[in-house]
Amino acid sequence: MSALLDALLLRAGYNAALVAVGAGLLGFAAGAAGTFLFLRKRALVSDAVAHATLPGVGIAFILMVALGGDGRSLIGLLAGSAASAALGLLLIEWIARRTRLAEDAAIGAVLGTFFGLGIVLLTVIQTMSAGRQAGLESFLLGSTAGMLFQDAVVIAVGGTLAVVATWLLRRPMTLVAFDAEYAAAMGFDVRRIDLAMMGLVMAVTVIGLKLVGLILIVAMLIIPPVTARFWTERSGRVIWIAGAIGGVSGYVGAALSASAPAMPTGPIIVLSAAALFVLSLLLAPGRGVAAAILRHRRFQARVHRRQGLLALARQEPIREPYTLRLLAREGLIRPDGVPTEAGRAQAAKVARDERRWDIAREVHQDAGLTGRYDGLTPIDRVFTADEIADFDRRLGPPALVEGTA
Amino acid sequence: MTTPATIAASGGQAIDAAPPPDCPLAVRGLTVSYGEKPAIFSVDATFPATAMSAIIGPNGAGKSTLLKASLGVIPRLSGSVTVFGTPIDRARDRIAYVPQRASVDWDFPTTVLDVVQMGLYRKVGLLGRLSGRMRARAQDCLDRVGMADFADRQIGQLSGGQQQRVFLARALAQDADLYLLDEPFAGVDAATERAIIDVLKGLKAGGKAVVAVHHDLSTVRAYFDHVFLINVRRMAEGPVSTAFTPENLNATYGGRLGATHIAEFAQAVS
């Protein structure tokens, strides 16, 4: 436990601190850049892009060794992975646009083919004499071992650029994600905006490859925005909340994996993000599961309260025990079932609204407005004050519920 | 004497090779195809200035396709489109489009005011700030469609009619000269239909041109000045009084409209 605390407080040594900060920055960039991919409902494109990096890593390594250099040069490997990811991306776009195949089929085909080719290349490299210590398999699941200051700089600079670009392009990307037809009619080039969005995702994928690994980087792009969506109804805020969630998961995940030997970094980071996702799913106000249950119970109470009050107004007996309990608890009836003063007043109001609705259905024969009558929606949410005043004029003076002073 | 068939084919007027220079929307030889089957074929259309025009025709006749292909939202196989005498791509700032409301996901994380402000995105640019003046303008557009109190609502909470009003407000925010609407009255309540038609008539009174895909033949006379009848090909076009005739409706709808319906819709002609 203290090892974890040390790692969290950046006291676990230079390398661990470097990894934690790097992973936090990467998480922030991935969450922000992934936001529009999620909003555009193209989350799985990122999975294909990530898998499509692998052949590029292999080919770059082989080329660099063949040219007599160090096959492990990070910049070289990243350039190779970016090139093959871009190729995969364009291929998916081309298949979806030019053939009868839908995008999901294109994603499946490209993902499988590129990953297969990448694994073959890695196997070939393993058998090359120079490949013994290549460590390329860390590109699959990510590794913090041997992370250099230079690697952290790549992540920091690349990640910052990705976040800035996401922010700059937020308006066109929001427009295209919400209503691509309207964007096109306005004269925006939807295809170029889509390519820019996926290019951002590709950039984050490439810089995060070494740390998180290509199999799980998709989770860092998608889980944070999906989680952020639980907490806000504004797309602009989804970007920053997703960034924060990604950043925290990256930092905590990297610290956790550094605090115990032989812990894979990528999977721990992803599990940290997943924990935040589950918490949000359950507890978020508005869209969370607990809130939904609570809302349902409040709704049920509203139904019973309304029915009970209508029964009071019509002097009908209330038979349902839950209704009786509810009205008694709210002080609308006495324990013996006789309405209190407050109960009578509310019953009168409810009865009046019912009669207003009757008038409303006479005045507005169209289903659009009167179709909103569900017995529960307050009439002043459907009609304006002057309309209600008009109903009241037709209705005459308020009728009193029996027993009202 | 012209027979009803030739009237139906030409709409009672010769097709101009070149539209008048102030013509808000002129389409020439427009063909759109999904696969090998043209959805619309070699359509010429000329919509008049300061008027409300309806594009009408049966289901699958290519009404929305005509609108979307004119705008370049879907690719055209052939044809050219001019807006106020210039190629459409140089007149984007003068066009506002109201898509079908079912074409978007209303659970998108955005508010009513945000959606209306999307109409300002081209004016604001990438880096510009949405100033207080812009915000006030968006709020004013919401007010014009009777939705001023809904500015901060999440769009998922709106009824169908309210969604349609928000889309109209977004188009108003663009302050365009030509408004293109795809089925603005489809599935909306009567109050919304009245609110929308009031706004559109106000636009016309302000010298704007309105072109709407419309499906309700019973309101054509009350709402529109000009009709364009389409069934894959152009069937007729012209002022409602001369082009919205039983002959043209028959030619456009084939047997799909009963004779009594046609007589009813096209009644005022004689």
Side-chain angles (χ1 to χ4, degrees), chain A residues 35-36 38-41 97 100 165 167-191 193 196 225 228-239 241-242 286-287 363-372 377 381-385 387, chain B residues 35 67-68 70-74 88-93 95-101 103-111 114-115 117-122 124-128 130 146 149 152-157 159-161 167 170-171 174 176 180 182 187-194:
Chain A
T35 294
F36 286 101
F38 157 64
L39 292 177
R40 185 92 168 102
K41 303 192 195 312
R97 213 155 41 88
R100 302 182 75 116
W167 184 244
L168 287 181
L169 291 175
R170 72 195 185 281
R171 281 185 197 138
M173 290 197 298
T174 306
L175 197 54
V176 167
F178 174 59
D179 193 346
E181 281 185 6
Y182 181 73
M186 267 185 130
F188 284 99
D189 187 333
V190 173
R191 187 166 163 250
I193 294 168
R229 180 69 184 88
F230 280 108
W231 299 93
T232 178
E233 299 288 351
R234 308 286 295 269
S235 56
R237 289 183 197 152
V238 176
I239 301 174
I241 299 176
R287 298 176 78 89
V363 176
H364 298 273
Q365 295 276 331
D366 51 278
L369 279 173
T370 54
R372 306 279 297 284
T377 306
R381 279 242 218 109
V382 180
F383 294 100
T384 56
E387 283 173 309
Chain B
L67 208 59
K68 286 187 199 171
S70 299
L71 283 162
V73 170
I74 52 177
I88 186 164
D89 279 324
R90 281 195 269 134
R92 293 280 172 193
D93 289 338
I95 309 167
Y97 172 52
V98 179
Q100 287 185 19
R101 81 191 144 77
S103 65
V104 306
D105 172 13
W106 290 91
D107 192 39
F108 195 85
T110 190
T111 63
D114 283 344
V115 171
Q117 285 178 345
M118 287 179 190
L120 301 166
Y121 278 4
R122 261 185 81 89
V124 178
L126 279 190
L127 301 172
L130 281 163
D149 296 337
D152 295 323
R153 292 269 183 101
Q154 205 277 327
I155 55 168
Q157 299 170 1
S159 72
F167 266 7
R170 180 177 67 173
Q174 288 180 258
L180 300 171
D182 198 349
V188 304
D189 53 275
T192 295
E193 181 156 340
R194 275 194 301 278

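The analysis underlying the following values was restricted to heavy atoms, covering all of them including side chains, and did not include hydrogens, waters or symmetry mates.
For A:A177, the parts lying under 4.5 angstrom from a heavy atom of chain B are both the backbone and the side chain. Contacts of B:I155 with chain A are made by side-chain atoms alone, with heavy-atom separations under 4.5 Å and no backbone atom involved. Using a 4.5 Å cut-off between heavy atoms, A:R287 touches chain B through its side chain atoms alone. Neither the backbone nor the side chain of B:D149 has a heavy atom closer than 4.5 Å to any heavy atom of chain A. Interface residue A:R171: backbone and side-chain heavy atoms are both found under 4.5 Å from chain B. Proximity to chain A is absent for every atom of B:D89, based on heavy atoms less than 4.5 angstrom apart. Proximity to chain A is limited to the side chain of B:Q174, based on heavy atoms less than 4.5 angstrom apart. Contacts of B:V115 with chain A are made by side-chain atoms alone, with heavy-atom separations under 4.5 Å and no backbone atom involved.
The candidate with the highest count of non-hydrogen atom pairs below 4.5 Å against chain A, out of B:P109, B:A96, B:S103, B:P99, is B:P109.
Residue B:R122 qualifies as enclosed at atom CZ: its count of foreign heavy atoms under 6.0 Å is above 12.
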Inset, instruction - For side chain to side chain contact (heavy atoms under 4.5 Å, CB included), just list the numbers for A:W231 and A:R237, CA-CA rounded to whole Å, side-chain angles, deciding distance to a tenth of an Å, and then say yes or no. - result: CA-CA 9 Å; A:W231 299 93; A:R237 289 183 197 152; over 6 Å; no

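The main-chain N or O of B:R101 is found under 3.5 Å from a side-chain atom of B:W106 such that the two form a donor-acceptor pair.
Geometrically, A:R229 does not engage A:F38 in a cation-pi contact defined by less than 6.0 Å to the ring centre and at most 45° from the axis.
Classified by interplanar angle (parallel below 30°, tilted 30° to 60°, perpendicular above 60°), the ring pair A:F178/B:F108 is tilted.
With sequence neighbours left out, the side-chain contact (heavy atoms from CB on, under 4.5 Å) criterion links A:R170 to A:F36, A:W167, A:I239.
The line from OG1 of B:T111 to CZ of A:R234 is 4.0 Å long, rounded to the nearest 0.5 Å.
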